[in-house]
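Letters A, B, ... mirror the listed sequences (proteins, then strands); counts begin at 1. Basis for what follows: all heavy atoms, side chains included, without hydrogens, waters or symmetry-related copies. Because the structure is a prediction, the values reported are computed rather than measured.
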2 protein chains.
Amino acid sequence: MADEDSKSVFPRGPQPNDVRALPDRIDRELLRLLEHDARMPNNALAEAVGIAPSTCLGRIRALRERGVIRGYHADVDPAATGHPLQAMISVRLQSDARSRLAEFVERVGRLPEVRDVYFLAGDDDYMLRVATADSSALRDFVMTLNTHPDVAATRTSLIFDHIRPPQTY
Amino acid sequence: MADEDSKSVFPRGPQPNDVRALPDRIDRELLRLLEHDARMPNNALAEAVGIAPSTCLGRIRALRERGVIRGYHADVDPAATGHPLQAMISVRLQSDARSRLAEFVERVGRLPEVRDVYFLAGDDDYMLRVATADSSALRDFVMTLNTHPDVAATRTSLIFDHIRPPQTY
DNA sequence: TGTGAAACTATCGGAAC
DNA sequence: GTTCCGATAGTTTCACA
């Protein structure tokens with residue numbers, strides 16, 4: 001049987017994107033403002049987008065409950081807390097360790113140096129953004145990774161600068 | 001001439017880290033709380049760390065003014081705004097284009113797909129985190145990069161998942 | 001740093017469009 | 001469905017101890 005159904009081994013089709021309701025123009029404007037300054041007061045937001053404060057409150061709460069807004073976070077300068085040296089570390093695991101990837105990464109994510117963990121599909125299995133006090137702390141961290149039996153290879157790049165372009169929803 | 005002085009072309013020594021005043025224990029606790037939830041009210045913060053609300057306000061304002069807190073940002077789900085496909089793209093420039101790196105990256109940073117730009121020291125010159133509507137939009141973006149004369153190579157990895165471990169200052 | 005008072009903001013119910 | 005209004009509770013903010 002030449003299995004023409006091989007495309008359907010995955011129960012879901014090409015993800016319908018779960019587009020219940022993409023935010024309308026006003027919501028997108030609110031998202032842009034809150035991404036720029038999450039502490040902007042509700043009445044200022046309302047005025048900026050031209051709606052009543054109560055409506056604004058309802059919209060923002062709905063965005064939060066739908067998961068469009070996942071949270072509000074202070075952006076803390078790592079250097080100001082004694083961790084001026086940042087790096088990106090790509091990690092490739094031993095092929096027989098892939099099944100333990102989630103577990104492995106969970107442990108790595110608890111190391112205090114780690115700021116971001118990205119699970120990847122590609123040459124590497126995941127990528128870490130880390131912040132350390134100095135180069136010797138970074139070296140120790142990379143050494144720790146490299147000596148783990150599940151790790152096949154790492155590639156470290158120092159981060160000179162980081163820019164988050166303003167979003168335009 | 002074998003230039004033994006090549007190590008001293010940079011006027012500054014290993015950066016003295018500009019450690020005017022690392023935050024004390026209470027400030028670090030405030031940073032942790034605000035990184036977790038930037039909209040936590042001032043009086044709740046004050047109670048959580050055991051100081052008066054006015055003192056708390058002054059500390060947080062000082063952290064902001066010293067640049068320890070760089071801003072407060074809403075975390076918006078890219079998928080919810082129609083950009084469910086994220087990728088990391090490492091970019092290496094032609095060696096003769098390095099001098100135009102800043103200028104080049106400034107243009108790239110204005111592309112709406114780009115969420116983060118990391119300037120790197122290492123194999124690659126910079127790294128982009130992008131969010132696109134679908135794989136064809138991603139392909140177009142990478143194509144645009146690759147056809148630019150200053151770009152020597154790119155390496156794209158899809159992002160399956162992104163974890164930001166809770167910080168422990 | 002803390003206290004207290006004043007000004008401001010968030011939040012809700014209800015009425016109206 | 002969205003918007004506005006008014007009332008209350010809660011929060012931010014500042015002068016001063």
Side-chain angles (χ1 to χ4, degrees), chain A residues 16-77 80-82 166-169, chain B residues 18-84 166-169:
Chain A
N17 201 358
D18 199 25
V19 161
R20 273 183 255 267
L22 278 184
D24 66 7
R25 207 175 48 76
I26 289 178
D27 279 353
R28 275 183 269 125
E29 184 71 4
L30 290 173
L31 291 175
R32 192 182 61 77
L33 291 165
L34 284 171
E35 184 150 329
H36 179 256
D37 177 10
R39 301 209 91 174
M40 197 168 167
N42 180 65
N43 56 8
L45 287 166
E47 192 183 0
V49 303
I51 60 178
S54 58
T55 311
C56 188
L57 192 69
R59 279 176 177 264
I60 288 167
R61 190 176 297 162
L63 289 168
R64 185 80 226 258
E65 279 165 6
R66 269 189 281 152
V68 177
I69 295 174
R70 292 186 288 207
Y72 304 97
H73 305 289
D75 175 21
V76 176
D77 182 1
T81 55
Q167 292 303 304
T168 56
Y169 292 114
Chain B
D18 197 25
V19 160
R20 275 182 253 268
L22 278 184
D24 67 5
R25 206 178 49 76
I26 288 178
D27 279 353
R28 274 183 271 123
E29 184 71 5
L30 290 173
L31 291 175
R32 193 182 61 77
L33 291 166
L34 284 171
E35 183 150 327
H36 179 254
D37 177 10
R39 301 210 89 173
M40 196 168 168
N42 179 66
N43 56 7
L45 287 166
E47 192 182 0
V49 303
I51 59 178
S54 61
T55 310
C56 187
L57 191 68
R59 279 176 175 265
I60 289 167
R61 193 177 293 162
L63 288 169
R64 185 79 226 258
E65 280 164 6
R66 269 190 282 153
V68 177
I69 295 173
R70 292 187 288 207
Y72 304 96
H73 305 290
D75 174 22
V76 177
D77 182 2
T81 55
H83 304 92
Q167 292 304 305
T168 56
Y169 293 113

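- The phosphate of C:dG2 (OP1 or OP2) has a side-chain N or O of B:T55 nearer than 4.0 angstrom.
- Taking atom CG on B:L57 and atom P on C:dT9, their separation rounds to 14 Å, with Å as the unit.
- We find that CD1 of A:I60 is positioned 13 Å from C1' of C:dT9, with the value rounded to whole Å.
- With A:L31 as reference, A:L63 is the one residue of A:I26, A:I60, A:L63 to meet the side-chain contact (heavy atoms from CB on, under 4.5 Å) rule.
- Judged by atom type and distance alone, B:S54 reaches the base of C:dT3 through a side-chain donor-acceptor pair under 3.5 Å.
- A close approach under 4.0 Å does occur between a side-chain nitrogen or oxygen of A:R61 and OP1 or OP2 of C:dC12.
- The B:I51 side chain lies nearest to C:dG2 when the options are D:dT13, C:dG2, C:dT11.
- Of all the heavy atoms in A:D77 and B:G67, the pair that sits closest is CB-O, 3.6 Å.
- In summary, A:R32 and A:E29 engage in a salt bridge, as defined by a charged side-chain N under 4.0 Å from a carboxylate O.
- OP1 or OP2 of C:dA10 has at least one side-chain nitrogen or oxygen of A:N43 nearer than 4.0 Å.
- Residue A:R39 is classed as having no contact, given no heavy-atom separation below 4.0 Å to the nucleic acid.
- The interatomic distance linking B:N42 (CG) with C:dT1 (P) rounds to 14 Å, in whole Å.
- Side-chain atoms of B:D24 and B:R59, non-hydrogen and from C-beta on, do get closer than 4.5 Å to each other.
- Nucleotide D:dT12 holds its P atom 13 Å from the CD atom of B:E47, rounded to whole Å.
- Rounded to an integer number of Å, the gap from CZ of B:R59 to C1' of D:dT13 is 18 Å.
- Note: CG (B:L45) to C1' (C:dT1) measures 17 Å, nearest angstrom.
- The A:P41 side chain lies nearest to C:dT9 when the options are C:dG2, D:dT11, C:dT9.
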